[in-house]
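Take a look at the structure below.
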Amino acid sequence: MNKQIRTTIFNFSGLLVLSGTILYLTKWIYAPYLFAFGAAGIAITYLTSPYQVLDFRRRRLHRFNIIAGILMLVASAFMFKNRTEWILCLSIAAFLQAYTAFVTPKER
């Protein structure tokens, strides 16, 4: 998968996760499905991004992103079961992604 397609899928999936989260708070019945499709898209983009050419630090940050994607999938499973643990899983995933975004070295 090339970089442009991966970026498009990631952006669309982020919108689905955000809208699914907001609509779940309004008790809309299809909100977990939106969230699950978005979480799956984000997990797929993290799992298919190449990591062999990365140095040690970037590989570690890449693993954090993969863990965040898996936590989003777990959060969607908790949403389907109407449990409140999805908030914890999503918060941890958001923290890992924010940490990765700020710590990743800039490309020159």
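The structure presented is a predicted model; accordingly, all values stated were derived computationally and were not measured.
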Before giving the answer on side-chain contact (heavy atoms from CB on, under 4.5 Å), spell out for L96 and N65 the whole-Å C-alpha distance, their side-chain angles and the decisive distance to 0.1 Å.
CA-CA 7 Å; L96 286 174; N65 279 337; over 6 Å; no
Between I44 and I9, is a side-chain contact (heavy atoms from CB on, under 4.5 Å) present by the stated rule, with each step listed?
CA-CA 9 Å; I44 286 171; I9 291 172; 5.7 Å; no
Step by step, would you call L16 with Y33 a side-chain contact (heavy atoms from CB on, under 4.5 Å)?
CA-CA 9 Å; L16 286 176; Y33 295 101; over 6 Å; no
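Across A75 and C89, no two heavy atoms sit closer than the pair CB-CB, 3.8 Å. Looking at every heavy atom in both residues, V17 comes nearest to M72 through CG2-SD, 4.4 Å. The two residues G20 and A31 make their nearest non-hydrogen contact at O-CB, 3.6 Å. Summarising the geometry of S19 relative to L34, their closest heavy-atom pair is OG-CD1, 4.1 Å, with the distance given to 0.1 Å. What you find for M79 and T21 is that their closest heavy atoms are CE-CA, 4.3 Å. Shortest non-hydrogen contact noted between S13 and G38 is CB-O, 3.2 Å.
Side-chain heavy atoms closer than 4.5 Å link hydrophobic residues (I, L, V, M, F, W, Y) into clusters, and following such links, possibly through other members, connects I92 to L61. With hydrophobic clusters built from ILVMFWY side chains whose heavy atoms lie under 4.5 angstrom apart, I66 shares a cluster with V74. F80 and Y30 fall within a single hydrophobic cluster, where Ile, Leu, Val, Met, Phe, Trp and Tyr side chains are chained together by heavy-atom contacts under 4.5 Å.
Here the CG atom belonging to L47 is positioned 7.0 Å from the NE2 atom belonging to H62, to the nearest 0.5 angstrom. To the nearest 0.5 angstrom, F95 atom CZ is 9.0 Å from F64 atom CZ. Separation of atoms CG (L88) and CZ (F78) is listed at 8.5 Å; rounding is to 0.5 Å. Expressed to the nearest 0.5 Å, how far CD1 of I42 lies from CG of L71 amounts to 12.0 Å. From Y24, atom OH reaches atom CG of L90 across 12.0 Å, with rounding to the nearest 0.5 Å. Atom CD1 of I67 is separated from atom CD of Q97 by 12.0 Å, given to the nearest 0.5 angstrom.
Within 6.0 Å of CD1 in I29 there are 12 or fewer heavy atoms belonging to other residues, nucleotides or ligands. Residue F12 qualifies as open at atom CZ: its count of foreign heavy atoms under 6.0 Å is 12 or below.
Under the salt bridge (charged side-chain N to carboxylate O under 4.0 Å, His left out) criterion, R83 pairs with E85, not counting sequence neighbours.
Taking the six-membered ring where the residue is Trp, F35 and W86 present perpendicular rings, their angle passing 60° and hence far from 30°.
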